[in-house]
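Right, one structure below, let's go through it.
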Amino acid sequence: MSEAPCRLPRRPTDRVEDLVAWLLAIAALLVVGSACLTGIAVHGREAARVDDGGSVSQVRAVLLEDVILMTGDYGMHRLATVPARWTDRAGLEHTGAVVVTHSARAGTEVGLWIDATGRITPPPLRPVNAVFGGIVAAIGVLCAGATLLVASWLGVRSVTARVNSRRWEQDWARVEPLWRRGA
C-alpha cells in the first residue's frame, strides 16, 4: 500500500486566496459573456439603423448664396450654413439651410442626404459602423470588467499579505528567543 502524499500545512489566508481566485475566475467568465452579449446588442441596434430600405437618399442641392469660408485658428476651416434648394424623390422642391465645408459661389451644387419627407438628415450608417460599434462596446465591457477583477485580486492579495506578515512577526517573536538560546 502506498501512502497518501503528505500535504503541506496551509494558512487560512491561502484558502481565502484560493476561494477568491475561483470566484474571480467565474466572474471573468461572466464578464466575457456579458461583453459578448453587449457587443451583439449594440451591433443589432446599430444594424437596425443601417439604411437598407432606402428611407434616406442623397440629392444635389443648389446654393442660393455665395459662401466664403475663413480659415480659423491653426489653419482649421470653419463651416458655414447657407440657404440652398433641392428636389426630393417625389419631385417636390425644398429650401433650407445646408452646411458647406468649402468656399463656393451661388449656383454650385453640393450633396446632401434627405429623408422620405425631404428634410435634411445625416447620411445613413454603413454595416461596418454596426460591426465597429459592437466590437468597441464589447471591448469596453471587457476592459471595465478586467479592471474590476484585477483591482479585486490585488486588494485581496494586499490584505492577505499583511495578515501573513503580521502572523510571521508574531510567530518569530515567539520562536526567536528559543532559537537564540539554542544557538
Side-chain angles (χ1 to χ4, degrees), residues 19-158:
L19 175 64
V20 170
W22 279 105
L23 293 175
L24 292 177
I26 292 168
L29 292 175
L30 293 173
V31 166
V32 169
S34 59
C36 290
L37 291 175
T38 300
I40 290 168
V42 169
H43 175 267
R45 189 185 70 233
E46 294 298 311
R49 292 181 44 202
V50 172
D51 185 41
D52 292 334
S55 63
V56 297
S57 57
Q58 188 172 24
V59 296
R60 303 297 292 171
V62 177
L63 300 180
L64 301 177
E65 294 179 3
D66 291 344
V67 181
I68 299 175
L69 292 181
M70 305 301 255
T71 303
D73 298 335
Y74 309 110
M76 300 293 293
H77 290 286
R78 296 196 172 135
L79 301 177
T81 305
V82 169
R85 181 180 60 247
W86 65 91
T87 306
D88 65 16
R89 287 183 282 184
L92 298 172
E93 192 171 279
H94 299 270
T95 305
V98 298
V99 176
V100 181
T101 59
H102 57 280
S103 295
R105 298 183 97 35
T108 303
E109 287 189 350
V110 294
L112 63 99
W113 289 89
I114 60 171
D115 61 14
T117 64
R119 287 185 304 204
I120 298 174
T121 185
L125 294 177
R126 297 182 318 222
V128 70
N129 296 107
V131 171
F132 184 71
I135 289 171
V136 168
I139 289 172
V141 171
L142 281 175
C143 289
T147 300
L148 289 173
L149 294 174
V150 167
S152 299
W153 178 246
L154 293 176
V156 167
R157 290 282 296 157
S158 172

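When reading the values below, keep in mind they use all heavy atoms of this one structure, side chains included, and skip hydrogens, waters and symmetry mates.
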Nearest atoms (heavy-atom pairs only) where A47 meets A130: N-CB, 3.6 Å
Give the minimum heavy-atom separation between V42 and G134, together with the two atoms involved. CG1-N, 3.9 Å
To the nearest 0.5 Å, tell me how far E65 CD sits from T108 OG1. 12.5 Å
Filter on side chain to side chain donor-acceptor pair (under 3.5 Å), then keep only pairs touching residues 36-48, sequence neighbours left out; what's left? E46-R49
Point-to-point distance, once rounded to the nearest 0.5 Å, from CG of D88 to CG of D115: 9.5 Å
Where is the tightest heavy-atom contact between W86 and G96, given as atom of each residue plus distance? CZ3-N, 3.4 Å
Enumerate the residue pairs fulfilling salt bridge (Lys or Arg N to Asp or Glu O under 4.0 Å) with a member in residues 24-37, sequence neighbours excluded, ordered by first and then second residue. none
Applying side chain to side chain contact (heavy atoms under 4.5 Å, CB included) to V99 and L112, what does each step give before you reach the verdict? CA-CA 9 Å; V99 176; L112 63 99; over 6 Å; no
Applying salt bridge (charged side-chain N to carboxylate O under 4.0 Å, His left out), can you list everything that pairs with E109, at least two apart in sequence or on another chain? R60
Between V59 and T87, what is the shortest heavy-atom contact and its length? CG1-O, 3.7 Å
Can you name the one residue among I135, N129, V136 that meets side chain to side chain contact (heavy atoms under 4.5 Å, CB included) with F132? V136
Under 3.5 Å, side-chain donor or acceptor atoms of residues 149-158 against the rest of the protein: list the pairs with distances, not counting sequence neighbours.
unit_1	atom_1	unit_2	atom_2	d
S152	OG	L148	O	2.8
R157	NH1	E17	OE1	3.0
R157	NH1	E17	OE2	2.8

Closest heavy-atom contact between A106 and D66? N-OD1, 2.6 Å
Does L64 have any side chain to side chain contact (heavy atoms under 4.5 Å, CB included) partners at least two apart in sequence or in another chain, and if so, which? P83, R85, T95
Salt bridge (Lys or Arg N to Asp or Glu O under 4.0 Å) contacts touching residues 20-33 (sequence neighbours left out): none
How long is the straight-line distance from CZ of R105 back to CD1 of I68, given to the nearest 0.5 Å? 8.0 Å
Can you measure from CG (L19) to CG (L24) and round to the nearest 0.5 angstrom? 9.5 Å
Rounded distance (nearest 0.5 Å) linking atom CD1 of I114 with atom CZ of R89: 7.0 Å
